[in-house]
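Please read the structure below before turning to the comments.
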Protein chains: 2
Amino acid sequence: MPCSGPHPVEPLAALAGRLRQHACRLTGPRQAILDLLRHQTHPLSNREVLAQLPVGHCNLATIYRAMRLLEGLGIVQRFDFGDGVARFELVREGTRGHHHHLICVRCAQVVELEDCFPPEFEARIAERNGYKQVRHKLEFFGVCPQCQ
Amino acid sequence: MPCSGPHPVEPLAALAGRLRQHACRLTGPRQAILDLLRHQTHPLSNREVLAQLPVGHCNLATIYRAMRLLEGLGIVQRFDFGDGVARFELVREGTRGHHHHLICVRCAQVVELEDCFPPEFEARIAERNGYKQVRHKLEFFGVCPQCQ
DNA sequence: ATCGCTGCAAAAATTTTGCAGGTAA
DNA sequence: TTACCTGCAAAATTTTTGCAGCGAT
């Protein structure tokens with residue numbers, strides 16, 4: 001069941017337009033990566049992207065470069081599950097990519113979370129310490145129903 | 001100003017006792033690592049630990065092995081600032097190591113945070129999804145007063 | 001025709017592991 | 001003494017980079 005959730009992903013053409021706005025080209029490998037990400041509900045590591053692409057369709061180094069570019073353009077978001085591997089997810093319309101995950105420590109099942117703590121909590125931390133432009137990374141870990 | 005904060009670190013002897021309880025030995029390198037961590041207020045990467053130890057006093061591989069051991073025993077806690085380098089901090093008395101950080105994205109200054117969002121927030125997420133033993137990792141990033 | 005992009009290979013960086021010898025208990 | 005531990009070196013991973021050539025616009 002791809003593309004579930006309340007926030008739909010953009011069509012490939014819209015993503016291509018966003019690339020061109022920044023004088024970046026929509027090449028074959030980038031199309032393949034974006035189209036793969038569009039059909040995912042959870043973040044994928046670069047190696048997983050490589051594995052799911054047709055053989056010889058794209059080089060791993062190209063995926064790394066594409067992800068860094070797309071992250072900079074706000075098209076994908078980087079997540080860190082604490083296992084030393086970066087994972088990437090397409091930013092969905094209506095969000096700014098800000099959401100969190102609940103990850104099973106046994107089977108690595110991932111639940112996409114919509115909610116977050118009240119923004120006052122972050123604002124208070126920022127103000128108390130004189131920090132500006134404060135954001136956060138938050139991930140939950142536990143044992144999923146099947147693994148209990 | 002080492003050892004600041006409301007929760008004092010344990011004396012080296014107490015840490016040694018905790019090692020022995022688990023049939024682990026208090027060796028020279030481990031003493032050096034623990035004593036160094038005792039005097040830190042912020043997490044240190046393994047390479048930073050190596051650099052701050054007297055030359056030839058300890059091997060980097062030994063530090064990696066020691067940290068993994070100490071983490072398993074609950075003596076140190078691992079933190080992840082999202083830059084691909086693990087950092088470690090001694091667990092202070094009275095806490096179970098649970099706390100968060102506010103990190104400057106410009107100069108990497110670190111503020112230790114005492115507070116956290118209300119536990120009901122996490123409990124609700126756990127219950128909704130049928131997960132058990134849910135914990136979380138949370139770090140804040142922003143621009144510190146000096147870097148603004 | 002640019003100039004960006006890709007593939008390949010090599011390099012860099014972090015972390016893990018094998019093994020022979022050393023050492024705490 | 002007997003495990004456990006360490007140093008060294010090599011390996012395993014993840015990620016980055018150089019470079020020659022290809023390709024989108």
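- Protein atom CD of B:E71 is 12 Å distant from nucleotide atom P of C:dT15, rounded to whole Å.
- Residue contacts shown for B:R65 include a base, since a base heavy atom lies under 4.0 Å away.
- Taking atom CD of residue A:E48 and atom P of nucleotide D:dT13, one finds them 15 Å apart after rounding to whole Å.
- Contact check of residues 18-37 of chain A against DNA chain C (heavy atom, cut-off under 4.0 Å) returns A:C24, A:R25, A:T27, A:P29, A:R30.
- Here the straight-line distance linking atom CG of B:D115 with atom CZ of A:R124 works out to 5.5 Å at 0.5 Å rounding.
- Contact check on A:E139 versus B:K137 returns no salt bridge, with no Lys/Arg side-chain nitrogen under 4.0 Å from an Asp/Glu carboxylate oxygen.
- Judged by distance alone, the side chains of A:E114 and A:H99 never bring a donor and an acceptor atom under 3.5 Å apart.
- Atom pair A:R68:CZ and C:dC5:C1' shows a separation of 14 Å (rounding to whole Å applied).
- Side-chain atoms of A:F88 and A:N46, non-hydrogen and from C-beta on, do get closer than 4.5 Å to each other.
- Rounded to a whole Å, the CZ atom of A:R87 is 10 Å from the P atom of D:dT15.
- With a 4.5 Å cut-off between side-chain heavy atoms of Ile, Leu, Val, Met, Phe, Trp and Tyr, the cluster of B:V91 takes in none.
- For the pair A:N59 and C:dT6, the criterion of a side-chain N or O lying under 4.0 Å from OP1 or OP2 is not met.
- To the nearest angstrom, C1' of C:dC5 lies 10 Å from CG of A:L69.
- Ring-plane geometry between A:H136 and A:F117 is classed as tilted, the angle between the planes lying from 30 to 60 degrees on a 0 to 90 degree scale.
- Atom CG in B:L60 sits roughly 9 Å away from atom P in C:dT14 (whole-Å rounding).
- Look at B:Y64 and you'll find a side-chain N or O under 4.0 angstrom from OP1 or OP2 of C:dT15.
- Atom pair B:F88:CZ and C:dT14:P shows a separation of 13 Å (rounding to whole Å applied).
- The distance from atom CE of A:M67 to atom P of C:dT6 is 12 Å, rounded to the nearest whole Å.
- The shortest side-chain heavy-atom distance between B:F140 and B:L113 falls under the 4.5 Å cut-off.
- Within 4.0 Å of A:A86, counting heavy atoms only, lie sugar-phosphate atoms of the nucleic acid but no base atom.
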